[in-house]
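This report refers to the structure that appears directly beneath it.
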Amino acid sequence: MTHPTDTDVLGEFLISARSSAEYRAIFALTDTDLRDRSILDCPGGAASFTAEASELGAHVTAVDPIYHRTPAELRTLARVESDRANTWARTHSDRYRWDWYGSPDEHHRLRRIAATRFGEDVTANPHRYIPAALPSLPFPDNTFDLVLSSHLLFSYADRLDAEFHLMALVELSRVSRAQTRLYPLLDHIGRPRHELIAGLRTELHDKGIRTEIREVDYEFHHGANTMLVLHAPGTD
Ligand SMILES: C[S@@+](CC[C@H](N)C(=O)[O-])C[C@H]1O[C@@H](n2cnc3c(N)ncnc32)[C@H](O)[C@@H]1O
């Protein structure tokens, strides 16, 4: 069990820059899940998933409140925040498994590459990056084949309450015509959020949204090897 320490003051939401390889592992995605599919990534942060999956033939839209900034500002932010994320992980190194990345240096290198890729794509294809914020998305119902949400809900349960989580989950599910996948199910210091998630699953069930917890083949924070899947009403 992870206990908070004096170094656990993270400050603002991290604007992390995960790569498509990380997204594929986190969300158990295959090429078939991506090719020709319309996908929402919310929050997109400085991740290069949108850029890389688009090259594979996916139609990806990323949403994040930071996208009201200029591409030049976002390029700088992505670089600075990749460094902050790597410093955070090194400071709490014992809370993580490093086998997927190899080492803290390799983690930094991969995130820097993803941040650069994000910066290039947000400059060349700004229409893919929509400034908006949960719990309200500017899309009609059932817009996307697949909705992905990594490292916002549950991760920041220290400042986002249960009501916000429920509104955000219902909103993500509203714009999905099939699945919404969420990862991780721990908060940013590695505490499992079982009680919060169990309560939310009950409320989602009552709204006709079926949920399941699935194991994934990725674990960076110790114990973070599951994702939550929401099934849009009327789907299998
Ligand atoms: C840790 S990053 C995750 C980015 C990306 N999904 C990844 O895994 O690399 C968290 C992101 O959530 C964004 N964020 C904060 N509040 C939000 C909200 N209400 N709706 C959508 N995104 C939000 C932040 O701006 C930040 O970019």
Side-chain angles (χ1 to χ4, degrees), residues 13 15-16 18-54 56-67 118 121 125 127-157 160 164-185 193 196-197 200-201 203-205 207-216 218 224 226-236:
F13 295 102
I15 299 168
S16 45
R18 287 186 174 76
S19 64
S20 180
E22 287 170 285
Y23 266 54
R24 289 167 77 115
I26 281 169
F27 292 119
L29 295 170
T30 62
D31 281 0
T32 317
D33 291 323
L34 302 180
R35 204 165 281 127
D36 295 327
R37 299 293 174 90
S38 60
I39 301 175
L40 172 66
D41 179 22
C42 177
S48 61
F49 173 76
T50 296
E52 294 184 72
S54 298
L56 245 187
H59 307 282
V60 191
T61 301
V63 163
D64 199 295
I66 61 168
Y67 298 154
F118 161 78
D121 198 51
N125 298 295
H127 60 280
R128 292 176 178 158
Y129 298 86
I130 309 286
L134 287 168
S136 177
L137 297 173
F139 309 109
D141 295 357
N142 307 318
T143 301
F144 300 98
D145 292 318
L146 178 64
V147 172
L148 305 175
S149 185
S150 112
H151 295 88
L152 174 65
L153 299 176
F154 317 125
S155 294
Y156 291 96
L160 302 173
F164 176 89
H165 278 77
L166 181 62
M167 288 193 300
L169 290 170
V170 169
E171 182 68 348
L172 290 166
S173 184
R174 179 185 70 75
V175 300
S176 166
R177 47 179 171 263
Q179 287 186 8
T180 301
R181 300 185 186 187
L182 297 113
Y183 177 96
L185 309 187
R193 290 292 178 161
L196 171 66
I197 292 167
L200 291 166
R201 291 184 72 190
E203 302 218 45
L204 291 168
H205 174 268
K207 292 180 186 300
I209 301 169
R210 192 166 62 80
T211 65
E212 65 177 307
I213 291 182
R214 263 196 225 163
E215 262 190 39
V216 295
Y218 172 93
T226 51
M227 66 173 164
L228 178 65
V229 182
L230 315 187
H231 296 271
T235 60
D236 292 336

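The basis for the numbers below is simple: all heavy atoms, side chains too, and nothing from hydrogens, waters or symmetry mates. No experiment lies behind these values; they were computed from the predicted model shown.
With a 4.5 Å cut-off on side-chain heavy atoms, Q179 and H231 count as touching. Side-chain atoms of I39 and V147, non-hydrogen and from C-beta on, never get closer than 4.5 Å to each other. Side-chain contact between S19 and E52 is present, with heavy atoms from C-beta onward closer than 4.5 Å. Between L137 and T143, the closest side-chain pair of non-hydrogen atoms is not below 4.5 Å. Looking at heavy atoms from C-beta onward, F13 lies out of side-chain contact with I66 at the 4.5 angstrom threshold. The side-chain heavy atoms of F164 and L153, taken from C-beta on, include a pair separated by under 4.5 Å. Put simply, the side chain of R177 reaches to within 4.5 Å of the side chain of S38, judged on heavy atoms. Under the 4.5 Å side-chain criterion, counting only non-hydrogen atoms from C-beta, T211 is not in contact with L200.
Put simply, the side chain of Y218 never gets that close to the backbone of A224: no donor and acceptor are under 3.5 Å apart. Checking side-chain atoms of S173 against main-chain N and O of L169 turns up no donor-acceptor pair under 3.5 Å. Panel note: side chain R174, backbone N142; no donor-acceptor pair is recorded below 3.5 Å. Under a 3.5 Å cut-off, the side chain of T30 and the backbone N or O of D33 do form a donor-acceptor pair. D64 places a side-chain N or O within donor-acceptor distance of the main-chain N or O of G45, the cut-off being under 3.5 Å.
Listed by chain and number, the residues in a salt bridge (Lys or Arg N to Asp or Glu O under 4.0 Å) with R128 are D121 (sequence neighbours excluded). Listed by chain and number, the residues in a salt bridge (Lys or Arg N to Asp or Glu O under 4.0 Å) with E212 are R214 (sequence neighbours excluded).
Between the CG atom in L148 and the OG1 atom in T180 there is a gap of 8.5 Å [rounded to 0.5 Å]. To the nearest 0.5 Å, atoms CZ (R193) and CG (L185) are separated by 12.0 Å. Between atom CD of residue E22 and atom OG of residue S150 there is a gap of 8.5 Å, rounded to the nearest 0.5 Å. Rounding to the nearest 0.5 angstrom, the gap separating the CG atom in L172 from the SG atom in C42 is 5.5 Å. L40 contributes atom CG, which lies 9.0 Å from atom CG of L146 (distance to the nearest 0.5 angstrom). Considering CZ of F118 and CD1 of I15, their distance stands at 9.0 Å, rounded to 0.5 Å.
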Verify side-chain contact (heavy atoms from CB on, under 4.5 Å) between E203 and I209, making sure each step is shown before the conclusion. CA-CA 9 Å; E203 302 218 45; I209 301 169; over 6 Å; no

Step-by-step side-chain contact (heavy atoms from CB on, under 4.5 Å) determination, L166 to K207: CA-CA 11 Å; L166 181 62; K207 292 180 186 300; 4.2 Å; yes

Can R201 and L228 be said to form a side-chain contact (heavy atoms from CB on, under 4.5 Å), step by step? CA-CA 10 Å; R201 291 184 72 190; L228 178 65; 4.1 Å; yes

Mind running side-chain contact (heavy atoms from CB on, under 4.5 Å) on R24 and L34 for me, showing each step along the way? CA-CA 10 Å; R24 289 167 77 115; L34 302 180; 3.4 Å; yes

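Identified under the salt bridge (Lys or Arg N to Asp or Glu O under 4.0 Å) test for residues 38-49, with sequence neighbours left out: none.
Using a 30° and 60° split on the angle between ring planes, F139 and F144 fall in the perpendicular class, above 60°. Aromatic ring orientation, F154 versus H165: parallel (interplanar angle below 30°, classes split at 30° and 60°).
Nearest heavy-atom pair across A62 and G44 is CB-CA, 4.2 Å. A pairwise comparison of heavy atoms in S136 and A132 identifies O-CB, 4.4 Å as the closest pair. Among all heavy-atom pairs drawn from R18 and Y23, the shortest one is CB-CE1, 3.7 Å. Of all non-hydrogen atoms in T235 and R210, the two that sit nearest each other are O-NH2, 4.5 Å. P135 approaches E171 most closely through the heavy-atom pair O-CG, 3.3 Å.
A salt bridge does not link D31 with R37: none of the charged nitrogens is closer than 4.0 Å to a carboxylate oxygen.
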